[in-house]
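Everything on this sheet refers to the single structure shown next.
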Amino acid sequence: MYSNKRRICMKRSIVTILFALAATALVSAQTDLQSVALVKLTKTEPITVKQLKAEVQKIEAQTGKTLTLDERKQVLDVMINERLALQAAERDKITVSDADINQQLQQARASMAQSLGRQPTDAEFESAIKQQTGMDLAAYKDQLKRLATVQKYLMTKKQDILNSIKKPSDAEIKNFYELNKVKLVRPDTVRFSMIFVPYGNDAAAKAKAKELADKLVKDIGTSPSKFDEAVLKGQSATAGYQAGDGGYLPKTPEAQSIVGQEFMNVAFSLKQGEVSRLIENSKGYQIIKITEAYSQKNLELDDIYQLGSKVTVRDYIGNLLYQQNQQAAFDKASKELVDELRAGGKSYQIFDKLIAY
């Protein structure tokens with residue numbers, strides 16, 4: 001008897017819990033559909049709690065931290081500003097074509113192709129976008145179009161500010177240099193030529209790669225001329241290995257994180273013209289020859305800032321200061337535009353209680 005009553009009570013408790021969970025889910029779903037803000041410059045456009053949540057979650061995923069209530073308000077402000085600008089652009093017939101967006105996508109593909117050494121497939125390109133932005137291609141294109149439209153509207157309406165950006169004077173460049181020259185140091189750097197024998201896809205391929213790498217080491221020995229001959233042979237598609245200029249390697253923690261500690265140690269133990277022993281990494285076998293070597297140097301204004309380019313320290317500082325001037329002008333133009341679109345407080349409405357969801 002007692003057992004049956006207990007079972008009935010347990011069933012009632014379970015049913016009560018299920019109803020409570022369902023009610024909570026329903027309330028949550030209803031809250032998600034509520035408007036946390038209304039944008040109404042030319043038409044009434046809601047920003048829902050769900051849309052704010054999605055934007056907040058995206059930022060939290062990127063930063064790895066939970067946003068505070070004030071930070072959520074800042075996110076909402078950005079969303080309101082974007083919609084105000086889009087409504088104003090539509091009103092003033094300022095648009096961005098699909099061809100313009102496709103051109104931006106093609107530039108992104110070209111950049112990815114340069115990194116890969118070949119054209120990426122559609123699947124690879126879409127996967128890279130997903131990984132970097134958390135969006136599929138359609139959503140990413142939509143975001144690009146919104147941002148491009150806002151930017152075009154800003155440039156159209158605030159052209160006077162954006163066209164007034166001045167290049168830094170020689171005195172400004174020299175002053176920046178004097179204040180920062182202690183940081184303008186080129187680390188020990190080498191340029192190297194490299195022979196690379198990739199592992200392949202399985203144990204048999206790896207064994208074959210090791211056999212080829214050992215043969216190359218034996219044939220080359222420490223002879224720079226034989227190394228150069230092997231590099232020339234490596235240009236052939238049938239060589240079984242890759243070879244060529246490896247570029248400049250600075251002695252920095254960032255560079256070491258890319259090439260590995262063993263490679264770094266070997267590279268900086270060699271003198272100009274010397275050939276290395278066999279080096280192994282996670283992808284294959286390498287042999288290098290140092291072609292140029294530079295000791296650490298405090299850079300002067302007319303020194304090359306980055307080896308392999310023609311950019312001097314003077315050019316670098318000039319570009320940096322000009323970019324700062326551009327950013328300051330862009331910030332000023334953006335603030336003016338937002339103030340104009342928000343003037344009087346009638347173009348938007350915020351429901352503060354819902355920001356906490």
Side-chain angles (χ1 to χ4, degrees), residues 108-121 123-125 127-132 185-297 306-309:
R109 285 189 80 121
S111 177
M112 187 175 175
Q114 191 171 13
S115 299
L116 290 174
R118 60 174 175 80
Q119 281 297 326
T121 65
E124 286 174 332
F125 183 61
S127 175
I129 288 173
K130 183 75 173 177
Q131 187 175 5
Q132 292 173 18
V185 179
R186 183 183 64 212
D188 291 338
T189 303
V190 294
R191 186 177 186 178
F192 62 95
S193 183
M194 181 172 67
I195 294 170
F196 174 63
V197 186
Y199 279 150
N201 299 322
D202 53 38
K206 184 175 180 180
K208 188 176 180 181
K210 182 64 165 66
E211 184 181 344
L212 175 57
D214 287 341
K215 183 178 185 306
L216 286 166
V217 168
K218 184 178 178 181
D219 291 345
I220 294 168
T222 58
S223 169
S225 60
K226 289 183 178 178
F227 178 93
D228 293 342
E229 288 173 10
V231 168
L232 284 175
K233 290 178 182 176
Q235 310 303 313
S236 168
T238 59
Y241 60 93
Q242 302 157 19
D245 180 26
Y248 293 90
L249 177 69
K251 197 173 186 179
T252 63
E254 295 77 17
Q256 180 168 296
S257 69
I258 295 170
V259 302
Q261 185 175 350
E262 183 186 9
F263 188 99
M264 184 71 79
N265 290 343
V266 171
F268 283 93
S269 70
L270 299 171
K271 295 178 182 178
Q272 185 170 330
E274 288 186 335
V275 178
S276 76
R277 61 174 172 79
L278 190 65
I279 308 167
E280 184 177 3
N281 65 15
S282 60
K283 296 182 179 179
Y285 302 97
Q286 300 159 314
I287 311 167
I288 63 172
K289 185 186 85 169
I290 303 303
T291 55
E292 297 174 27
Y294 301 88
S295 297
Q296 180 172 300
K297 176 179 170 59
Q306 186 171 12
L307 292 171
S309 75

With rounding to the nearest 0.5 angstrom, report the CG to CD distance, L216 to E211.
11.0 Å
Quick one: does S236's side chain have a donor or acceptor within less than 3.5 Å of a partner on K233's backbone?
no
Distance in Å, E274 CD paired with S223 OG, rounded so as to fall on 0.5 Å steps:
12.5 Å
When every non-hydrogen atom of A230 is compared with those of I195, the smallest separation belongs to CB-CD1, 3.6 Å
How far apart are the closest heavy atoms of S276 and V266, and which atoms are they?
CB-CG1, 3.6 Å
So, R109 side chain and P120 main chain: donor-acceptor pair closer than 3.5 Å or not?
yes
Which atom names give the shortest non-hydrogen contact between D202 and A205, and what distance separates them?
OD1-N, 2.7 Å
Determine yes or no for a side-chain-to-main-chain donor-acceptor pair under 3.5 angstrom, with Q235 supplying the side chain and V231 the backbone.
yes
Could you walk me through whether I288 and L270 pass the side chain to side chain contact (heavy atoms under 4.5 Å, CB included) check?
CA-CA 10 Å; I288 63 172; L270 299 171; 4.2 Å; yes
To check you understand the geometry: which heavy-atom pair defines the closest contact between A255 and P250, and what is its length?
CB-O, 3.3 Å
Return the minimal non-hydrogen interatomic distance between Q272 and A293, and the atom names on each side.
OE1-N, 3.6 Å
Cation over ring, K289 on F227, under 6.0 Å and within 45°?
no
Ignoring hydrogens and angles, tell me if any N or O in the side chain of Y199 forms a donor-acceptor pair with the backbone of N281 under 3.5 Å.
yes
I need the Q119 CD to F125 CZ distance, nearest 0.5 Å.
10.5 Å
pair D219-K226: side-chain heavy atoms closer than 4.5 Å
no
Does L278 reach the side chain of I287, with side-chain heavy atoms less than 4.5 Å apart?
yes
What's the shortest heavy-atom distance between G240 and P198, and which atoms?
O-CD, 4.3 Å
Could you state the interatomic distance from CD (Q256) to NZ (K251), rounded to the nearest 0.5 Å?
9.0 Å
What do you reckon, is CD of E262 surrounded by more than 12 foreign heavy atoms closer than 6.0 Å?
yes
Taking the six-membered ring where the residue is Trp, are the ring centres of F192 and Y248 under 6.0 Å apart?
no
Strictly distance-based, threshold 3.5 Å: is any side-chain N or O of T291 a donor or acceptor partner for the main-chain N or O of R191?
yes
Nearest 0.5 Å, what's the CD-NZ distance between E280 and K210?
7.5 Å
In this structure, CG of N265 is separated from CD1 of I279 (nearest 0.5 Å) by 10.0 Å
Under the side chain to side chain contact (heavy atoms under 4.5 Å, CB included) criterion, do V259 and M264 qualify, and how do the steps go?
CA-CA 7 Å; V259 302; M264 184 71 79; 4.3 Å; yes
Kindly indicate whether the side chain of Y285, heavy atoms from C-beta on, has any atom under 4.5 Å from the side chain of D214.
no
